[in-house]
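Worksheet: the structure to be examined is printed underneath.
Numbering of residues begins at 1 and proceeds along the displayed sequence.
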Amino acid sequence: MRIMVLDDEPIIRQGIIHKIRLTALPVEVVAEAGDGLKGLELMKTAKPDLIVTDIHMPGMNGLTFIRHALELDARVKLIIVTGYDQFDYARQAIKYGVSNYLVKPLEDDELYATLMELLERREAEQQTDQMIQELKSVAETSQEASRQQALTQFLQEEDFAEASSELDELAKHGAAFTAVVLQLEPFKVPHGSFGPGEEELLWFAIKNIVTERFLSNAIRGILVHHSLRRFELVYVLGLQKGQDSAGVTYTLEAISFGIRKYLKLGVTIGVGPYQPQMAKVQESYREAKQIARNAILHGGNRIYQAQGAANGGQEAQRKSFIGQEDVKLLEDWLGKWEKDKVHKWIERRLGAIVQEPASSYVMVEWFCVDLYLFLNKYWINHATDSQWAIGELTDLQRELQQATAWHEIVEQMKRLVTNMIGLLSKSNNIEGKEIMEAVRLYLERHYAEPIQLAMIAERFFIHPNYFSKRFKEKYGESFVDFLNGLRMKEAARLLVETDMKIRDISERVGFDDAAYFGGVFRKRFGATPGQYRDKGAPHA
């Protein structure tokens, strides 16, 4: 706490300062003066939290000084130092808002108690202020989060019609509208000059570069931070009559340069086709996202732009990537279980698409969908349930969207072929219930080994997503919970029937981490392994 002392008698003033310092409290005397006029001048620079002042001083007495001091800083605390014959002045000073008054000569204990009281009061006020600021911050954050959620819904849901004054204002002044997707390279702090705990500051810097560049080029728009995809920003913009889209390209080049140079972050940008109405911006957004995926083929840190109208050209050019000659070859290789030949064919075909300068990500997606449909049809003609091997089409589309490089897509498609040939080579009439039973028996025999869903999928030539859904339907719990159930049952038996150490039991039933084992055990039995052993509970 910062203190200023006013008294026209230097000896008394120095005595007060000395006594304050002797208290050893967390206070500091930052200024002193012999009259009220000088005191008011010092207040502006010293900015005291507390002023200790005499009443009778030349030039401006203590009461007048108090009135002017509170006008300068309504929150400053004041202590009047008065003689026994000046209580009337003290009462009047208290009416002005003086915190306390002390009687000359100052007693050490009384001064200590008074300063301590004011310190506690100041701390309580600071805590209240902090709480108010936090509540304001939470309210502002909540409002901004709600705003971003509403804007995200607008972009994603065609029937989302909640009114937005921002969108209405943009629509009123715009003549052509589009969505620009900025896909940022994933990052975490510390990063560059941003240290731990400064992620929000980094996000502010990113958003500031985007909005400032657009505003400096008079391009109106709304910046959306996608509520579900953390590293995706979307700028919904409206060009006014006479504005050229070339200005958008120029602005995006400046944004990309700024983010890469000053923030050391990669950013891939997709620009959707321009629409005559704000209501169609959702179409631009969908295509902008798809266009940004071209980074998988041709590299990131680039600006990819739609050509022509929404869905123009590309949908019209949609054709099958698997011709009749391809079908004959694939059927022949699958019939002979020649997995390697199919794999090489996939590598060549996808590689050819990627190497074509004019190719786009959507072509890769079309190829994968065509191959999936072919595999599905082939399986139906040769077995019972194709989805055990290749999953559902939605599974494939979700996996494609998660890929970060085209080589990952090659491996995804090769896995589907591997699963099909693996199952076909086992039995031409294999059924889902047989696969499920085989997996269950395997888990019961090998639960103590390191087992993951991906490993089971590879071993039994099944699609992990589809298998996971069917497994839960059949056994009423997830694959992981079922596996942990087997492990916990054996762990409970060993705790009761043996003297093995808990760490050794943890390893015996397939857990490398004893702490994690303890957490899983407690969740299942409602007691820690040690408590379970002490009770001598029968194993479940």
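In this structure, Phe321 and Phe367 have perpendicular ring planes: the angle between them is above 60°, well past the 30° mark. Aromatic ring pairs are classed by plane angle as parallel below 30°, tilted from 30° to 60° and perpendicular above 60°; the pair Tyr262 and Phe257 is perpendicular.
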Start with the C-alpha gap between His173 and Glu169, add the side-chain angles, then the distance that decides, and say whether side chain to side chain contact (heavy atoms under 4.5 Å, CB included) holds.
-> CA-CA 7 Å; His173 295 91; Glu169 187 69 17; 2.8 Å; yes
Give the intermediate values and the outcome of side chain to side chain contact (heavy atoms under 4.5 Å, CB included) for residues Val520 and Phe517.
-> CA-CA 5 Å; Val520 175; Phe517 162 74; 5.9 Å; no
Give the intermediate values and the outcome of side chain to side chain contact (heavy atoms under 4.5 Å, CB included) for residues Gln305 and Thr178.
-> CA-CA 11 Å; Gln305 304 199 50; Thr178 191; over 6 Å; no
Could you walk me through whether Lys77 and Arg122 pass side chain to side chain contact (heavy atoms under 4.5 Å, CB included), step by step?
-> CA-CA 9 Å; Lys77 305 301 181 188; Arg122 181 169 177 268; 5.8 Å; no
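Under the 4.5 Å side-chain criterion, counting only non-hydrogen atoms from C-beta, Asp244 is not in contact with Tyr250. Looking at heavy atoms from C-beta onward, Thr268 lies in side-chain contact with Tyr304 at the 4.5 angstrom threshold. Considering only heavy atoms from C-beta on, Ile255 comes within 4.5 Å of Leu182 through its side chain. By the 4.5 Å heavy-atom criterion applied to side chains, Thr249 and Val271 are not counted as neighbours. The closest side-chain heavy-atom distance from Gln402 to Arg398 is below 4.5 Å. Residues Asp49 and Leu118 are not in side-chain contact: their nearest non-hydrogen atoms beyond the backbone lie 4.5 Å or more apart. Contact check for Phe231 versus Val267: no side-chain heavy atoms found under the 4.5 Å cut-off. Within the 4.5 Å cutoff, the side chain of Phe187 has heavy atoms near those of the Ile206 side chain.
Judged purely by atom type and a 3.5 angstrom limit, Glu287 has no side-chain atom pairing as donor or acceptor with the backbone of Pro273. In this structure, the side chain of His68 does not engage the main chain of Leu37 through any donor-acceptor pair within 3.5 Å. In this structure, the side chain of Asp326 engages the main chain of Gly323 through a donor-acceptor pair within 3.5 Å. Judged purely by atom type and a 3.5 angstrom limit, Arg2 uses its side chain to pair as donor or acceptor with the backbone of Ala46. Side-chain atoms of His191 come within 3.5 Å of backbone N or O of Lys264 as a donor-acceptor pair. Panel note: side chain Ser256, backbone Glu253; no donor-acceptor pair is recorded below 3.5 Å. A donor-acceptor pair under 3.5 Å is formed between the side chain of Tyr235 and the backbone N or O of Gly221. In this structure, Thr251 contributes its side chain and Gly247 its backbone to a donor-acceptor pair below 3.5 Å. A donor-acceptor contact shorter than 3.5 Å is absent between the side chain of Glu283 and the backbone of Lys280. Of the possible polar contacts, one joining the Gln148 side chain to the His225 backbone as a donor-acceptor pair under 3.5 Å is found.
Crowding of Lys38 atom NZ: a count of heavy atoms from other residues, nucleotides or ligands under 6.0 Å not exceeding 12. Counting non-hydrogen atoms of other residues, nucleotides and ligands closer than 6.0 Å to CD of Gln397 gives a total above 12.
For Glu232, the side-chain contact (heavy atoms from CB on, under 4.5 Å) criterion is met by Val181, Gln183, His226, Arg229, Val234, Tyr285, Lys289, not counting sequence neighbours. Under the side-chain hydrogen bond (donor to acceptor under 3.5 Å, both in side chains) criterion, Lys344 pairs with no residue, sequence neighbours left out. Glu408 pairs by the salt bridge (Lys or Arg N to Asp or Glu O under 4.0 Å) definition with nothing, not counting sequence neighbours.
Here the closest heavy-atom approach between residue Ser284 and residue Phe177 is recorded as OG-O, 4.2 Å. The nearest pair of heavy atoms linking Glu477 to Asp481 is OE1-CB, 3.6 Å. Lys339 and Ile421 get closest at one heavy-atom pair: CA-CD1, 3.4 Å. The shortest heavy-atom contact between Gly272 and Ala306 is C-CB, 3.9 Å. Counting all heavy atoms, side chain and backbone alike, Ile296 lies closest to Trp406 at CG2-N, 3.2 Å. Among all heavy-atom pairs drawn from Leu400 and Gln412, the shortest one is CD2-OE1, 3.6 Å.
Under the side chain to side chain contact (heavy atoms under 4.5 Å, CB included) test applied with Phe154, the options Gln149, Glu166, Gln282 reduce to a single match, Gln282.
Proximity of the aromatic rings of Phe194 and Trp203 is defined here by a centroid distance below 6.0 angstrom, and this criterion is not met.
Residues Glu365 and Arg293 are not paired through a salt bridge, judged by the lack of any N-O separation under 4.0 Å between the basic side chain and the carboxylate.
Separation of atoms CG (Asn484) and NZ (Lys523) is listed at 9.0 Å; rounding is to 0.5 Å. Rounded to the nearest 0.5 angstrom, Glu347 CD and His407 NE2 are separated by 10.0 Å. Remark: Met4 CE to Ile51 CD1 distance equals 4.0 Å, nearest 0.5 Å. Once rounded to the nearest 0.5 Å, the distance linking CD1 of Ile3 with CD of Glu32 reads 12.5 Å. The distance from atom CD of Gln240 to atom CG of Leu170, rounded to the nearest 0.5 Å, is 9.0 Å. Within the model, atoms CZ of Arg349 and SG of Cys368 stand 11.5 Å from one another, a figure rounded to the nearest 0.5 Å.
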